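For reference, the structure discussed in these notes is given below.
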Amino acid sequence: MLNLFEKRCFAAAAVLGMAALAAPAHAGKTLDAIKSRGQLVCGVSSGVAGFSQADSSGNWSGLDVDVCRAIAASVLGDPAKVKWVPLVSQQRFAALQSGEVDILSRNTTWTLTRDASLGLSFTGVIYYDGQGFMVPAKSKVKSAKQLKNATVCVQSGTTTEKNLTEFSKANNLNLKPVVFEKFDAANAAYFSGRCQAYTTDASGLASIRNKEAKNPAEHVVLPELISKEPLGPAVRRGDDEFFAIAKWVVFGLIEAEEYGVTQANVEALQQANKDPAVGRLLGSGEDTGKLLGLDKDWLVRAIKATGNYGEIFERNVGPKSPLALPRGSNNLWSKGGLMYAPPVR
């Protein structure tokens, strides 16, 4: 049995342990750098409609772009305080590793090799995708398994290139990859007839068809998906504080959709609501921001800047957008999809 002194020691240790768990987070070197320069540096694609693309005036939009805007709003109080760095596939990981960008939000697939060997950490999944094929409608091809001996346009330095080789070998198709470093070159080759098919993420094919085809109806995205492509942002490994912020901004946007908190009603709900879960999200109940090194309104600013996850999806890639992609697997878990966020509490 413990004597009185030992019991008191254990009780004191328990109290100190609980206090440590509840202590505010230190800022971390990445967050310090972002605040010092007054800007979040975000690595994006060189142009994928619906995900990250600049218009003729240099204004960026897309699902990946909105993630960075939301983080900038949370951290800096202004979603416009983002420096956009367009990166081709071969540049993206080196740019993050070297510190050229703070976060990579660039339709990038989360894989074991990338997660374990590149010195980076994926913060979650913002779009569940899969690799598909696009062909001219006049080819009458209905299945990717009908592409035996076909030339296929593909971008180098991607999981897409490896998946194509494995799919060809597994199905004895003898597919002939025509490899390009940049999307623009691959797009031009396919639409000029140099390749009989084009392969990339199915969302990317929808984007390319909508953006580049003279008549989108003349091209068909085949029904098969030959891979799992969970797309999400990544940050440098070793800065747990910024990793936590990047994760929880996205989780917060997903949970905001679940609780019906939108860009239009977030301020009203912050002032008056009776749901403790909503109160935690909006800082009117518990102050979760201090655990991230932020203030209590961190998530309110993000939602005001971009809307919740569902609003971001609908605006950029959903059925009413030019890409017209179904919500599908990217719906909330409570509506038959895969989007599930740990609770903000």
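Being a predicted model, the structure only gives us computed values, none of them experimental.
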same_hphob_cluster([X], [Y]) at 4.5 Å side-chain heavy-atom cutoff:
{"X": "Val67", "Y": "Leu104", "answer": "yes"}
{"X": "Leu222", "Y": "Leu323", "answer": "no"}
{"X": "Leu96", "Y": "Trp84", "answer": "no"}
{"X": "Phe93", "Y": "Ile126", "answer": "yes"}
{"X": "Val220", "Y": "Leu205", "answer": "no"}

Indicate yes or no: at least one non-hydrogen side-chain atom of [X] is less than 4.5 angstrom from one of [Y].
{"X": "Thr262", "Y": "Ile303", "result": "no"}
{"X": "Ile208", "Y": "Tyr190", "result": "no"}
{"X": "Asn308", "Y": "Val261", "result": "no"}
{"X": "Ser168", "Y": "Lys176", "result": "no"}
{"X": "Gln155", "Y": "Thr160", "result": "no"}
{"X": "Met339", "Y": "Tyr127", "result": "no"}

**Message:** Assess the residue pair Glu100 and Ser98 against the criterion (side chain to side chain donor-acceptor pair (under 3.5 Å)); give the C-alpha distance rounded to whole Å, side-chain angles, the decisive distance to 0.1 Å, and a yes or no.
**Reply:** CA-CA 6 Å; Glu100 181 184 350; Ser98 68; 4.6 Å; no

**Message:** Set out, in order, the CA-CA distance, both residues' side-chain angles and the distance that settles side chain to side chain contact (heavy atoms under 4.5 Å, CB included) for Phe242 and Arg236, then state yes or no.
**Reply:** CA-CA 9 Å; Phe242 187 62; Arg236 276 183 302 284; over 6 Å; no

**Request:** Assess whether side chain to side chain donor-acceptor pair (under 3.5 Å) is satisfied between Ser139 and Gln196, documenting all intermediate values.
**Result:** CA-CA 9 Å; Ser139 71; Gln196 294 165 274; over 6 Å; no

**Message:** side chain to side chain donor-acceptor pair (under 3.5 Å) for Glu229 and Thr159? Distances and angles first, verdict last.
**Reply:** CA-CA 9 Å; Glu229 305 294 331; Thr159 55; 3.1 Å; yes

**Message:** Out of the candidates Tyr128, Trp333, Phe251, only one should pair with Tyr340 under the ring pair (Phe, Tyr, Trp, His ring centres under 6.0 Å) rule; please name it.
**Reply:**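 Between Tyr340 and the candidates, ring pair (Phe, Tyr, Trp, His ring centres under 6.0 Å) is satisfied uniquely by Trp333.
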
**Identified side chain to side chain donor-acceptor pair (under 3.5 Å) counterpart of Gln131 within the set Thr199, Thr200, Thr109** =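 Only match with Gln131 under side chain to side chain donor-acceptor pair (under 3.5 Å): Thr199.
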
**Message:** Quick check for you: to the nearest 0.5 Å, what is the distance between Ile71 atom CD1 and Trp248 atom CH2?
**Reply:**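 It is 14.0 Å, given to the nearest 0.5 Å.
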
**Request:** Output the distance between atom CG (Leu118) and atom CD (Gln97), rounded to the nearest 0.5 Å.
**Result:**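 One finds 5.5 Å between CG of Leu118 and CD of Gln97.
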
**Asked** Between Trp110 and Phe122, what is the ring plane arrangement, given parallel below 30°, perpendicular above 60°, and tilted in between?
**Response**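 Parallel, since the angle between the ring planes stays under 30°.
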
**Geometric class of the Phe313/Tyr309 ring pair [parallel <30°, tilted 30-60°, perpendicular >60°]** =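 The arrangement is tilted - the two ring planes meet at 30° to 60°.
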
**Asked** Any ion pair linking Glu257 and Arg327 (charged N to carboxylate O, less than 4.0 Å)?
**Response**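 Salt bridge: yes.
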
**Asked** With a 4.0 Å cut-off, would you call Asp295 and Arg301 a salt bridge?
**Response**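 Salt bridge between Asp295 and Arg301, a charged N being under 4.0 Å from a carboxylate O: yes.
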
**Request:** Give a yes or no on whether Glu314 atom CD has more than 12 heavy-atom contacts from other residues, nucleotides or ligands under 6.0 Å away.
**Result:**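 Correct, the count exceeds 12.
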
**Request:** Only one of Thr108, Leu63, Val125, Asn107 passes side-chain contact (heavy atoms from CB on, under 4.5 Å) with Leu231; say which it is.
**Result:**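 Running side-chain contact (heavy atoms from CB on, under 4.5 Å) over Thr108, Leu63, Val125, Asn107 with Leu231 returns exactly one hit, Asn107.
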
**Asked** Does the pair Glu224 and Ser143 meet the rule for a side chain to side chain donor-acceptor pair (under 3.5 Å), with working shown?
**Response** CA-CA 7 Å; Glu224 297 103 327; Ser143 166; 2.4 Å; yes

**Request:** Say whether, by atom type as modelled, one donor and one acceptor occur between the side chain of Asn215 and the main chain of Ala217 under 3.5 angstrom.
**Result:**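 Such a contact is found between Asn215 side chain and Ala217 backbone.
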
